[in-house]
Every structure is written in C-alpha cells, then in structure tokens.
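Computed from heavy atoms alone, side chains included, the values below leave out hydrogens, waters and symmetry copies. FYI, the numbering just counts along the sequence from 1.
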Amino acid sequence: MNSPYFFSLCLTSANPPFNLSSWGQEKLKDDVRWKYGIPPAGNANYAWIQHMIHHLAPNGKIGLVLANGALSSQTSGEGEIRKNIIEADLVEGIVALPTQLFYSVTIPVTLWFISKNKTQKGKTLFIDARKMGHMVDRKHRDFSDEDIQKLADIFEQFQNGTLEEVKGFCAIADLQEIAKQDYILTPGRYVGIEEVEDDGEPFEEKMARLTSELSEMFAKSHELEEEIRKKLGAIGYEI
C-alpha cells in the first residue's frame, strides 16, 4: 500500500484563493458538499475547506493554505461551520506562518492539516511558526530545509504521542479546550507566550540601565539632527 498512487489519494495539498468573494453561492446552496454548513456568499474559504473534505478518501489527509481570518471568523455562519468541522474531529494540525512567504502577497497565512482518520483522536496540534524562516531579500522570506524538517518532526512526534510541548511554539489541545476558546483556531491561544529566561538582573536596576541607555540614544540623535541641519544649510537648504 506504499505506492505513489496510494499517497496521491490519501495526502493532498491545496492553496485556494484567499477570501474569494462572488463565488456563486446562490447557485450552490443545496450542494452535497456543505455537510458542515452553507458557506457565506461573500467568502469562499469554508467552501474550499468543505470541498476538499468532501473529496477525501476514507483515510485521506490534506494540507490547506488559508488566510488567517478563517481561524477565527464568526460572521455569516463561518464560526458554526468551523465548530462542526472541529466537532467532527477533522482538524489534525494548525500552523501559523510568518509574513512575506509569497511573492504575490505579504500577509501571514496558516496551514490547516485535515484528516479523515486522525492518529490522535480528539486532539489537535498547534504550532506558532511566525518567528521561523529567514529573509532571502528585503521582501521575501523562506524556510530552510532544517525549518521544514523541524515542523515535520513535530508532527511525527505528535502522531506518535511523544511530543513535548514548547511554551510559545507548540501545544496539543483536545476538543474541550478548543470549545472553551469558542472554536477559534488561532495557535497563539493554545501555545501561550514564550518563556524568557531570567538574566538575574533586578527589575529596578534593569529599568535604570535601560532608561539611561535610551537617554544617551536620544542625545545622540539630537546631535546627528543638528549636524545634518548644518550640512544642509551649508549648501543652501534650511530646515
């Protein structure tokens, strides 16, 4: 069963248009694909999600790239659709990605991993990967092979039941925890805030040091401002 054909049936990926409006909902209200609710006329995100779910094999999986709004939108019935999909135990993992990964748009996006037959029943993996990747130029970010392998390893550990949660980065939530969050899937709600190691410097001393450094920086900026004014004045440009 490890043939390429088997994997083409069971594991698919898709990058549908973000927040597509005017997708023809009025002609498709009775469509069999809307098992979890009729998608709103003004946004096709949950039409795409349900379309993909409908066409999955009984043990199928899919990775979807979606705009962040799909994680938390409550308008026009989207919240109820998301709730129904979660309650059906289809959402295996959510990964929040950083900005500037695409050449056409700079907005941050999210990876949804949906599975018809999850290994970890009743649980969802959340990863906040917004700090990952590196800038290849001033406008574009990329993930290294090591970054990709790190995410893959986390998913494998999650599926094997061996994952150790990392505050601010990855966490596992059950259906009850997600319900407490009103079925919102934003990873930050589950992974929490990264713990910062205590450097041992007392708070009052640290604040005194930082404000002193800031004062020095302000003074330096005023000196630079005055120098620029003088140089511009020397060539006939007054500010």
Quiz item: Does K150 make a cation-pi contact with F169, if we ask for NZ or CZ under 6.0 Å from the ring centre and within 45° of the axis?
Solution: yes
Self-check item: Donor-acceptor pair, side chain of R141 and main chain of T99, under 3.5 angstrom
Solution: yes
Quiz item: Who passes side-chain hydrogen bond (donor to acceptor under 3.5 Å, both in side chains) against D174, sequence neighbours left out?
Solution: none
Quiz item: How many angstroms lie between CD1 in I127 and SG in C170, if you round to the nearest 0.5 Å?
Solution: 6.5 Å
Practice problem: Test F113 against every option in V95, I62, L125 by the side-chain contact (heavy atoms from CB on, under 4.5 Å) rule and name the one that passes. | Solution: V95
Self-check item: With I94 via side-chain contact (heavy atoms from CB on, under 4.5 Å) - residues at least two apart
Solution: L71, V91, T110, W112, F126, L185, P187
Exercise. Can you sort out the partners of K118 under salt bridge (charged side-chain N to carboxylate O under 4.0 Å, His left out), two or more places apart, ordered by chain and number?
Key: D89
Quiz item: Are the side chain of Q100 and the backbone of K139 linked by a donor-acceptor contact shorter than 3.5 Å?
Solution: yes
Self-check item: Test item: S221 side-chain N/O and F218 main-chain N/O as donor-acceptor pair under 3.5 Å
Solution: yes
Quiz item: Is I38 reachable from I86 through a run of hydrophobic residues whose side-chain heavy atoms are each under 4.5 Å from the next?
Solution: yes
Practice problem: Measure the spacing between NZ of K123 and CD1 of I172 and express it to the nearest 0.5 Å. | Solution: 6.5 Å
Quiz item: Is L28 reachable from L20 through a run of hydrophobic residues whose side-chain heavy atoms are each under 4.5 Å from the next?
Solution: yes
Exercise. With side-chain contact (heavy atoms from CB on, under 4.5 Å) as the test, would you mind laying out the steps for I107 and N68 before giving the verdict?
Key: CA-CA 9 Å; I107 61 171; N68 285 355; over 6 Å; no
Quiz prompt | Under 3.5 Å: donor-acceptor pair, side chain of Y46, backbone of G77 | solution = no
Quiz item: R82 side chain to S73 main-chain N or O, any donor-acceptor pair under 3.5 Å?
Solution: yes
Quiz item: Sequence neighbours excluded, which residues qualify as side-chain contact (heavy atoms from CB on, under 4.5 Å) partners of V32?
Solution: H54
Practice problem: State whether the side chain of N160 and the backbone N or O of Q157 hold a donor-acceptor pair below 3.5 Å, judged by distance alone. | Solution: no
Quiz item: Just checking, any donor-acceptor pair under 3.5 angstrom between side chains of Q120 and E92?
Solution: no
Self-check item: Short side-chain donor-acceptor distance under 3.5 Å, D153 and Q149
Solution: yes
Quiz prompt | Donor-acceptor contact present, side-chain W23 to main-chain P40, <3.5 Å | solution = yes
Practice problem: Just jot down the side-chain contact (heavy atoms from CB on, under 4.5 Å) partners of Q50, sequence neighbours excluded, or say none. | Solution: W34, Y36, P39, I81, I85
Quiz item: Just by distance, do the side chain of T186 and the backbone of G188 share a donor-acceptor pair under 3.5 Å?
Solution: no
Practice problem: Return yes if some donor-acceptor pair links the side-chain N/O of H134 with the main-chain N/O of D142 below 3.5 Å, else return no. | Solution: yes
Quiz item: Same hydrophobic cluster for M132 and M135, using side-chain heavy-atom links shorter than 4.5 Å among ILVMFWY?
Solution: no
Quiz prompt | Backbone N/O of N45 and side chain of N43: donor-acceptor pair under 3.5 Å | solution = yes
Practice problem: Just grab all the salt bridge (charged side-chain N to carboxylate O under 4.0 Å, His left out) pairs involving residues 28-48, residues at least two apart or on different chains. | Solution: D31-R33
Practice problem: Test I49 against L66 for side-chain contact (heavy atoms from CB on, under 4.5 Å), laying out the working first. | Solution: CA-CA 9 Å; I49 293 172; L66 291 169; 3.5 Å; yes
Quiz prompt | Residue pair T119 / Q159, side-chain donor-acceptor N/O under 3.5 Å | solution = no
Quiz item: Do K231 and E227 pass the salt bridge (Lys or Arg N to Asp or Glu O under 4.0 Å) test, and can you show the C-alpha distance, the side-chain angles, and the key distance before you say yes or no?
Solution: CA-CA 6 Å; K231 290 187 179 297; E227 184 67 22; 3.6 Å; yes
Self-check item: Residue pair Q181, Y190: steps toward the side chain to side chain donor-acceptor pair (under 3.5 Å) verdict
Solution: CA-CA 9 Å; Q181 295 291 337; Y190 304 94; 5.3 Å; no
